[in-house]
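Here's the structure, in structure tokens; my notes come after.
Treat the numbers as computed from the prediction; the structure is a model and nothing was measured.
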Amino acid sequence: MSSSMITTKDGTQIYYKDWGTGQPLVFHHGWPLSGDDWDAQMMFFLSKGYRVIAHDRRGHGRSSQVDTGNEMDTYAADVAALVAHLDLRNAVHIGHSTGGGEVTRYVARRGAERVAKAVLIGAVPPIMVKSAKNPGGTPIEVFDGLRAALLANRAQFFRDLPSGPFYGFNRPGAKVSQG
């Protein structure tokens with residue numbers, strides 16, 4: 001098992017872990033998580049003979065904490081740099097939430113010849129914010145509230161978000177565990 005960093009064209013360092021051999025499975029995490037949130041799935045597929053790779057998107061985890069490039073085109077370019085660095089071929093890209101948007105943009109713009117499959121799990125839609133053109137979107141106040149909570153007390157935010165709506169624990173009859 002190994003982990004390392006690559007440096008993108010704009011100087012951003014992207015952390016990744018690369019375990020095993022076989023067909024590569026590339027895991028793309030959601031906001032505000034990191035590649036570590038895929039460890040259980042990575043260990044499972046590693047035990048089945050796959051090569052498993054997860055990266056921390058720019059601004060997340062152990063990657064550079066930059067204030068630029070935090071949009072899908074740059075995320076896809078970062079993935080392309082990682083894929084080229086690792087010379088991945090016939091890869092399955094698995095994305096959750098923001099990671100699903102990242103997978104979609106990467107495949108659409110850069111990766112079709114190196115990609116076997118794309119798996120989207122609760123992927124973000126192209127436009128999430130409510131507007132005149134997207135009346136079914138989420139009000140900007142929701143995103144403002146998430147950002148404010150994250151800035152005010154990061155540790156509490158990481159406790160409150162998964163214990164509430166993120167995993168559906170705010171639904172009637174949901175069983176919440178302390179874990």
Side-chain angles (χ1 to χ4, degrees), residues 1-48 50-89 91-107 109-111 114-115 118-124 128 143 146-163 166-167 179:
M1 292 189 187
S2 69
S3 62
S4 196
M5 293 270 193
I6 63 162
T7 303
T8 65
K9 289 180 182 179
D10 71 357
T12 301
Q13 289 196 307
I14 303 294
Y15 171 87
Y16 69 92
K17 31 189 170 180
D18 180 6
W19 305 340
T21 59
Q23 183 179 19
L25 305 180
V26 184
F27 293 89
H28 304 254
H29 65 83
W31 179 90
L33 309 173
S34 73
D36 291 344
D37 289 284
W38 289 108
D39 280 358
Q41 292 80 11
M42 290 175 69
M43 293 302 291
F44 173 81
F45 286 108
L46 180 65
S47 76
K48 302 296 181 191
Y50 289 91
R51 179 180 178 185
V52 294
I53 298 116
H55 67 288
D56 292 352
R57 184 177 305 106
R58 63 175 51 225
H60 297 73
R62 289 151 288 204
S63 290
S64 296
Q65 301 299 305
V66 296
D67 62 355
T68 59
N70 292 298
E71 35 69 30
M72 291 299 170
D73 288 339
T74 305
Y75 294 162
D78 292 348
V79 171
L82 178 62
V83 166
H85 174 77
L86 297 175
D87 193 26
L88 301 180
R89 301 193 185 280
V92 177
H93 288 265
I94 304 160
H96 167 252
S97 190
T98 303
E102 179 180 87
V103 167
T104 303
R105 187 62 55 93
Y106 167 71
V107 171
R109 296 256 169 116
R110 301 186 175 257
R114 292 179 177 251
V115 176
V119 179
L120 307 178
I121 305 167
V124 298
M128 293 177 63
F143 298 106
L146 290 171
R147 286 189 288 264
L150 188 59
L151 289 172
N153 188 333
R154 186 176 183 88
Q156 188 64 43
F157 174 82
F158 280 112
R159 187 175 178 145
D160 291 345
L161 188 67
S163 65
F166 195 78
Y167 291 109

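The 12-atom threshold is not exceeded at OH of Tyr50, counting heavy atoms of other residues, nucleotides or ligands nearer than 6.0 Å.
Asp36 places a side-chain heavy atom less than 4.5 Å from the side chain of Lys17. In this structure the side chain of His93 reaches within 4.5 angstrom of the side chain of Val115, judged on heavy atoms. Side-chain contact between Val79 and His55 is present, with heavy atoms from C-beta onward closer than 4.5 Å. Between Tyr16 and Val26, the closest side-chain pair of non-hydrogen atoms is not below 4.5 Å. A 4.5 Å side-chain heavy-atom check between Tyr106 and Val83 finds at least one atom pair inside the cut-off.
Distance alone, capped at 3.5 Å, places no donor-acceptor pair between the Thr74 side chain and the Asn70 backbone. Using modelled atom types, one side-chain atom of Asp56 and one backbone atom of Arg62 make a donor-acceptor pair closer than 3.5 Å. One N or O on the side chain of Ser47 and one on the backbone of Phe44 form a donor-acceptor pair closer than 3.5 Å.
Here the closest non-hydrogen pair linking Gly61 and Ser34 is CA-CB, 4.1 Å. Ala118 and Val107 get closest at one heavy-atom pair: CB-CG2, 4.4 Å. Here the closest non-hydrogen pair linking Gly30 and Ser97 is CA-CB, 3.9 Å. Taking each heavy atom of Ala54 and Gly35 in turn, the nearest pair found is CB-O, 3.9 Å.
With sequence neighbours left out, the side chain to side chain contact (heavy atoms under 4.5 Å, CB included) criterion links Thr12 to Thr8, Asp10, Ile14, Arg58, Ser64, Val66. With sequence neighbours excluded, the residues forming a side chain to side chain donor-acceptor pair (under 3.5 Å) with Asp87 are Arg89, Arg114, listed by chain and number.
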(request) Might you work through the side chain to side chain contact (heavy atoms under 4.5 Å, CB included) test for Met72 and Thr104, ending with a clear yes or no? (result) CA-CA 9 Å; Met72 291 299 170; Thr104 303; over 6 Å; no
(request) Determine, stepwise, if the pair Thr98 / His28 fulfils side chain to side chain contact (heavy atoms under 4.5 Å, CB included). (result) CA-CA 8 Å; Thr98 303; His28 304 254; over 6 Å; no
(request) Start with the C-alpha gap between Arg51 and Leu86, add the side-chain angles, then the distance that decides, and say whether side chain to side chain contact (heavy atoms under 4.5 Å, CB included) holds. (result) CA-CA 11 Å; Arg51 179 180 178 185; Leu86 297 175; 3.8 Å; yes
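Between the NE2 atom in His60 and the OH atom in Tyr15 there is a gap of 15.5 Å [rounded to 0.5 Å].
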Between side-chain atoms of residues 147-155 and protein atoms elsewhere (two or more places apart, or another chain), which donor-acceptor pairs fall under 3.5 Å?
unit_1: Arg147; atom_1: NH2; unit_2: Asp144; atom_2: OD1; d: 2.6
unit_1: Asn153; atom_1: OD1; unit_2: Ala155; atom_2: N; d: 3.4
unit_1: Asn153; atom_1: OD1; unit_2: Gln156; atom_2: N; d: 3.0

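Under the side chain to side chain contact (heavy atoms under 4.5 Å, CB included) rule, Trp38 has a single partner from Val52, Leu25, Ile94, which is Ile94.
Ring orientation note: the planes of Phe45 and Phe27 are tilted relative to one another, at an angle of 30° to 60°.
A salt bridge links Arg109 to Asp73: one of the charged nitrogens lies within less than 4.0 Å of a carboxylate oxygen.
For the residue pair Gln41/His96, the side-chain donor-acceptor check at 3.5 Å is not satisfied.
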